[in-house]
There are 2 protein chains.
Amino acid sequence: MKGLGELERSIMDILWAENAPLTAREVGRMIEDRDLAPTTVMTVLDRLSRKGFLTRTRDGRAWRYQPAASRDAYVAELMLEALDMTGDRDAALTRFAQAVSGSEAEILRKALTELEEE
Amino acid sequence: MKGLGELERSIMDILWAENAPLTAREVGRMIEDRDLAPTTVMTVLDRLSRKGFLTRTRDGRAWRYQPAASRDAYVAELMLEALDMTGDRDAALTRFAQAVSGSEAEILRKALTELEEE
DNA sequence: GGGGTAGTACTACGTCCCGTAGAGAGGTAA
DNA sequence: TTACCTCTCTACGGGACGTAGTACTACCCC
């Protein structure tokens with residue numbers, strides 16, 4: 001999986017936060033703080049769909065974009081990818097477990113317990 | 001934290017695998033499959049230490065390089081960094097827990113249990 | 001002590017990714 | 001018709017990275 005640039009991530013964040021598929025114009029209106037040219041937004045949306053992060057469907061002449069996967073799925077995949085980098089997955093996982101904060105350790109524990117029960 | 005390129009990662013892998021600090025020449029001899037110029041190896045080692053991945057100490061006229069952190073620590077940090085990207089850490093963690101394989105879930109569980117006991 | 005060798009620092013070039021955007025074409029509405 | 005919206009295509013500049021040459025210094029062997 002390829003990574004995301006800063007603007008790409010901002011745009012993904014907008015689309016992840018929204019439930020409905022958005023047009024380039026709509027996305028552009030939601031980043032107004034950056035004062036980007038409309039074509040800039042379009043270009044980035046296009047690149048993101050080319051990279052597989054977005055799917056798009058026609059709406060009249062415009063495209064509507066929406067994330068191909070949830071942010072959680074993306075984050076989990078990034079984490080797995082990092083994990084794949086190591087020769088010793090167990091050591092890395094152990095270290096990771098030690099590094100998460102207490103409340104998060106709790107979340108993990110719960111998720112793992114539920115897994116076990118299935 | 002910045003990411004690593006492909007050659008950079010190969011070189012980090014060599015240094016992570018080795019216990020002793022290595023010189024550029026020694027590293028170069030261990031990547032012979034790629035037939036790199038000696039200066040290439042030096043340049044990359046230099047960049048890696050500039051980025052904080054390596055520390056180096058003098059050995060005569062040569063530098064000896066060694067990782068600033070273990071690979072496990074690096075991987076764990078990458079995972080945490082991915083986790084930081086999400087607004088909903090719990091959801092991402094849950095998904096991650098579901099995504100790891102059974103044996104790895106076991107490792108995580110154990111690590112978390114040990115944490116709890118401390 | 002002079003030449004090869006090893007090592008360093010500095011500089012450089014090509015490529016790819018990404019942020020950014022303009023140009024041009026083709027609909028659409030007033 | 002005119003103004004506008006949206007698309008696609010093309011492009012440029014910066015930064016990271018793979019790759020390496022050059023120039024300089026220090027050391028070893030004959």
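Within every chain, numbering begins at 1; the chains are lettered A, B, ... in the order of the sequence lines, protein sequences first and strands thereafter. Everything quoted here is computed from the prediction, not taken from an experiment.
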**Message:** Regarding Gly3(B), tell me which of base, sugar-phosphate or nothing describes its non-hydrogen contacts under 4.0 Å with the strands shown.
**Reply:** sugar-phosphate
**Nucleotide dC17(D), atom P - distance to NZ of Lys2(A) in whole Å** = 11 Å
**Request:** Give the rounded distance in Å between these two atoms: CD1 of Ile11(A) and P of dC18(C).
**Result:** 13 Å
**Request:** Check if the side chain of Thr39(A) and the base of dA23(C) share a donor-acceptor pair of N or O atoms closer than 3.5 Å.
**Result:** no
**Item:** Whole angstrom value for the distance that separates P of dG7(C) from CZ of Arg25(B)
**Value:** 5 Å
**Prompt:** Does Arg89(A) reach the main-chain N or O of Glu104(B) with its side chain, forming a donor-acceptor pair under 3.5 Å?
**Reply:** no
**Prompt:** Looking at dG18(D), dG27(C), dA26(D), which one has an atom nearest to any side-chain atom of Arg61(B)?
**Reply:** dA26(D)
**Prompt:** When you check the phosphate oxygens OP1 and OP2 of dC18(C), does a side-chain N or O of Lys51(A) lie under 4.0 Å from one of them?
**Reply:** yes
**Item:** Salt bridge Arg64(A)-Asp59(A), side-chain N to carboxylate O under 4.0 Å
**Value:** yes
**Request:** Under 4.0 Å between any heavy atoms, over every strand shown, what does Arg47(B) touch: base, sugar-phosphate, or nothing? Just pick one.
**Result:** base
**Request:** Answer yes or no: is there a donor N or O on one side and an acceptor on the other, between the side chain of Thr86(B) and the main chain of Ala82(B), under 3.5 Å?
**Result:** no
**Request:** In whole angstrom, give the distance that lies between atom CH2 of Trp63(B) and atom P of dT25(D).
**Result:** 18 Å
**Item:** Any Arg58(B) side-chain nitrogen or oxygen under 4.0 Å from OP1 or OP2 of dT8(C)
**Value:** no
**Closest-nucleotide ordering on DNA chain D, the 5'-leading residue of Arg9(B) and Tyr65(A)** = Tyr65(A)
**Request:** Would you indicate, yes or no, if dA21(C) has its OP1 or OP2 atom less than 4.0 angstrom from a side-chain nitrogen or oxygen of Thr40(A)?
**Result:** yes
**Prompt:** When we call it a touch if two heavy atoms are under 4.0 Å apart, what does Thr23(A) touch: a base, just sugar-phosphate, or nothing?
**Reply:** nothing
**Request:** Round to the nearest Å and state the distance from Leu45(B) atom CG to dA20(D) atom P.
**Result:** 15 Å
**Prompt:** Rounded to the Å, how far apart are Arg34(A) CZ and dC18(C) P?
**Reply:** 14 Å
**Item:** side-chain N/O Arg56(B) vs dA9(C) OP1/OP2, d < 4.0 Å
**Value:** yes
**Asked** Roughly how many Å is it from CG in Leu4(A) to C1' in dA16(D), rounded to a whole number?
**Response** 17 Å
**Fill in**
The nucleotide from dG18(D), dT8(C), dC18(C) with an atom nearest the side chain of Met42(B) is dT8(C)
**Message:** Is it the case that the side chain of Trp63(B) and the backbone of Thr55(B) share a donor-acceptor pair, with hydrogens and angles ignored and the cut-off at 3.5 Å?
**Reply:** no
**Request:** Look at the side chain of Arg56(B) and the backbone N and O of Ser49(B), then say whether any donor-acceptor pair between them is shorter than 3.5 Å.
**Result:** no
**Item:** Whole-Å gap separating C1' (dA20(D)) and CG (Asp35(B))
**Value:** 12 Å
**Proximal nucleotide (of dA6(C), dT19(D), dA21(C)) relative to the Leu36(A) side chain** = dA21(C)
